Number of protein chains: 2
Amino acid sequence: MGRRGPYVCGIDAAMDVVSGKWKSLILWELHHHGARRFGELRRGLPGVSEKMLAQHLREMEEDDLVRREVFDQVPPRVEYSLTDSGRSLNEALRAVGVWGQQRLRRLAEPA
Amino acid sequence: MGRRGPYVCGIDAAMDVVSGKWKSLILWELHHHGARRFGELRRGLPGVSEKMLAQHLREMEEDDLVRREVFDQVPPRVEYSLTDSGRSLNEALRAVGVWGQQRLRRLAEPA
DNA sequence: CAGCATCCTTAAGGATACTG
DNA sequence: CAGTATCCTTAAGGATGCTG
């Protein structure tokens, strides 16, 4: 993660921004549930560590895919949601997801 | 690269198969030029090492994205081309590429 | 030409403990 | 609750040299 260019083309520039074990899943999660808190996101992504989740979210915020809102409360409340750019990227990934489902079906078939 | 499951969803399964610094670019290259030889591919991807190109191609062949054809000649001639599955994946990545081009334009804008 | 083998560096990711 | 900080392991990628 985190080269941010120089990019040789659009795919390159897009893949860079989603490379990271959980990023496409975070996109998906936020798209489906709207604004989510850190802990909710964590529970929605079984296996993710706090470190990676925080790191990915910070990078995605920097890449303008995710918006972070802090509510000044005790206990603290922080909500993450998609920006327009994040939403459109998730949209662009739909066809890829469909392709992946076909792959899953093929993998499930008896060899 | 190379976990090949278990996958939590389609995006996960698809991203796994394109994760690798040059894979989406190889897909693109093969889609545009049709069958290509190892050396042509190498020249078409400035910066790629022989090792990585060979490794990616082997994995993509295993994942049924790429077909490898050996012609029994001297000097040796080996051609790579997309399978149906590879072609459809590349197709699915088009929207992602378009998104990436927008990102490139945004990045190019004066900060 | 089309590669494989080897060694090495860097980066990604995970585990654990701690804090405002 | 929402993180940081630190340490450690693994995996990705690169450089170089050699081979059928």
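Note that the coordinates shown come from a computational prediction; the quantities given were computed from them, not determined experimentally. In the text below, chain A, chain B and the rest are named by the order of the sequence lines, each starting its count at 1.
At a threshold of 4.0 Å, the pair A/Arg103-B/Asp64 does not count as salt-bridged, since none of the basic side-chain nitrogens sits closer than that to a carboxylate oxygen. The pair A/Arg68-A/Glu79 fails the salt-bridge criterion, with no side-chain N (NZ, NE, NH1 or NH2) lying under 4.0 Å from an Asp/Glu carboxylate O. Looking at A/Glu50 and A/Arg42, a side-chain N of the basic residue comes within less than 4.0 Å of a carboxylate O on the acidic one, giving a salt bridge.
At least one side-chain nitrogen or oxygen of A/Lys21 sits closer than 4.0 Å to the OP1 or OP2 atom of C/dG14. Here A/Arg77 does not reach the OP1 or OP2 of D/dA2: none of its side-chain N or O atoms lies under 4.0 Å away. Under 4.0 angstrom from either OP1 or OP2 of C/dC4 there lies at least one side-chain N or O belonging to B/Arg58.
Ranking C/dG13, D/dC1, D/dT4 by closeness to the A/His56 side chain, first place goes to C/dG13. Taking only side-chain atoms of B/Phe38, from C-beta outward, the nucleotide of C/dA2, D/dG14, C/dG14 with the closest atom is C/dA2. Here the nucleotide nearest the side chain of B/Lys51, chosen from C/dG20, C/dA5, C/dA2, is C/dA5. Nearest nucleotide to the A/Arg68 side chain, out of D/dA2, C/dG13, D/dG14: D/dA2. Side-chain atoms of B/Ala54 lie closest to C/dG3 of the nucleotides C/dA2, D/dT4, C/dG3. Candidate nucleotides D/dC1, C/dG3, D/dG3 were compared by shortest atom distance to the side chain of B/Tyr80, and C/dG3 ranks first.
Applying the ring-ring contact (aromatic ring centres under 6.0 Å, His included) test to every pair with at least one member in residues 61-108 of chain B, sequence neighbours left out, gives no pairs at all.
When heavy atoms are screened at a 4.0 angstrom cut-off, B/Arg42 is found touching no nucleic acid atom at all.
In this structure, CD of A/Glu50 is placed 16 Å from P of D/dT6, rounded to the nearest angstrom. Separating the CG atom of B/Leu57 from the P atom of C/dC4 is a distance of 10 Å, rounded to the nearest angstrom. Rounded to whole angstrom, the span from the CZ atom of A/Arg43 across to the P atom of D/dG3 amounts to 13 Å.
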